[in-house]
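What follows is a set of notes on a single structure, which appears directly below.
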Amino acid sequence: QVELIESGGGLVQAGGSLRLSCTASERTFSSLDMGWFRQAPGKEREFTASITRDGYSIYSTDSVKGRFTISRDSAENTMYLQMNSLKLEDTAVYYCAAKSRFGPLQSLKDFDFWGQGTQVTVSS
């Protein structure tokens with residue numbers, strides 16, 4: 001079992017920035033593919049960004065390309081999501097996810113472990 005703890009959410013004005021962190025309990029962090037998903041009020045949870053265990057491949061949904069950057073630090077067992085130029089529509093609960101199986105990493109069903117989520121609210 002992998003425990004994931006998110007932090008860094010909060011309230012920010014449109015155009016501002018936030019950095020989310022996800023720390024994993026798993027000592028073999030380097031064996032996990034990681035991802036971020038988000039769920040806006042009244043909507044389904046959706047893929048935001050993901051990164052392979054070796055850090056070489058990164059994926060993101062079109063709506064955040066050029067604004068959000070996913071990264072990971074194996075020494076800290078932590079994944080990050082740097083969010084810049086935030087928009088009102090980025091308001092959501094952001095969830096960290098992880099998986100040890102090899103394979104796709106762009107949909108909910110690909111991931112086995114989930115954090116509790118951190119709220120990001122973008123105001124006008």
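What's counted below: heavy atoms across the whole structure, side chains too, no hydrogens, waters or symmetry copies.
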Check: Just wondering, more than 12 heavy atoms not from E44 lying within 6.0 Å of its CD?
Finding: no
Item checked: Neighbour count >12 (heavy atoms, 6.0 Å) for atom CD, Q116 -> no
Notebook entry, point to check: Considering only heavy atoms from C-beta outward, does the side chain of Y95 approach that of R45 to under 4.5 Å?
Noted result: yes
Check: Considering all heavy atoms of both residues, which atom of P104 and which atom of K99 are nearest to each other, and what is their separation?
Finding: O-CE, 2.9 Å
Next item on the list: Please name the pair of heavy atoms, one in V64 and one in T48, separated by the smallest distance, quoted to 0.1 Å.
Entry: CG2-O, 3.8 Å
Next item on the list: Just do the side-chain contact (heavy atoms from CB on, under 4.5 Å) check on E3 and T23 with the steps written out, would you?
Entry: CA-CA 8 Å; E3 183 179 9; T23 300; over 6 Å; no
Could you measure the distance from the [atom1] atom of [X] to the [atom2] atom of [Y]? Nearest 0.5 Å is fine.
X: T69; Y: Y80; atom1: OG1; atom2: OH; result: 14.0 Å
X: L105; Y: R53; atom1: CG; atom2: CZ; result: 9.0 Å
X: S17; Y: Q82; atom1: OG; atom2: CD; result: 5.5 Å

Note to self: Once you measure the plane-to-plane angle for F68 and Y94, does it fall in the parallel (<30°), tilted (30-60°) or perpendicular (>60°) bin?
What the structure shows: tilted
Next item on the list: Assess R72 against F29: is NZ or CZ under 6.0 Å from the centre of the six-membered ring, and within 45 degrees of the ring's axis?
Entry: yes
Next item on the list: Output every pair passing salt bridge (Lys or Arg N to Asp or Glu O under 4.0 Å) with a member in residues 55-65, not counting sequence neighbours, ordered by first then second residue.
Entry: D62-K65
Next item on the list: Identify which one of T91, L11, L18, L81 satisfies the side chain to side chain contact (heavy atoms under 4.5 Å, CB included) criterion when paired with V120.
Entry: L18
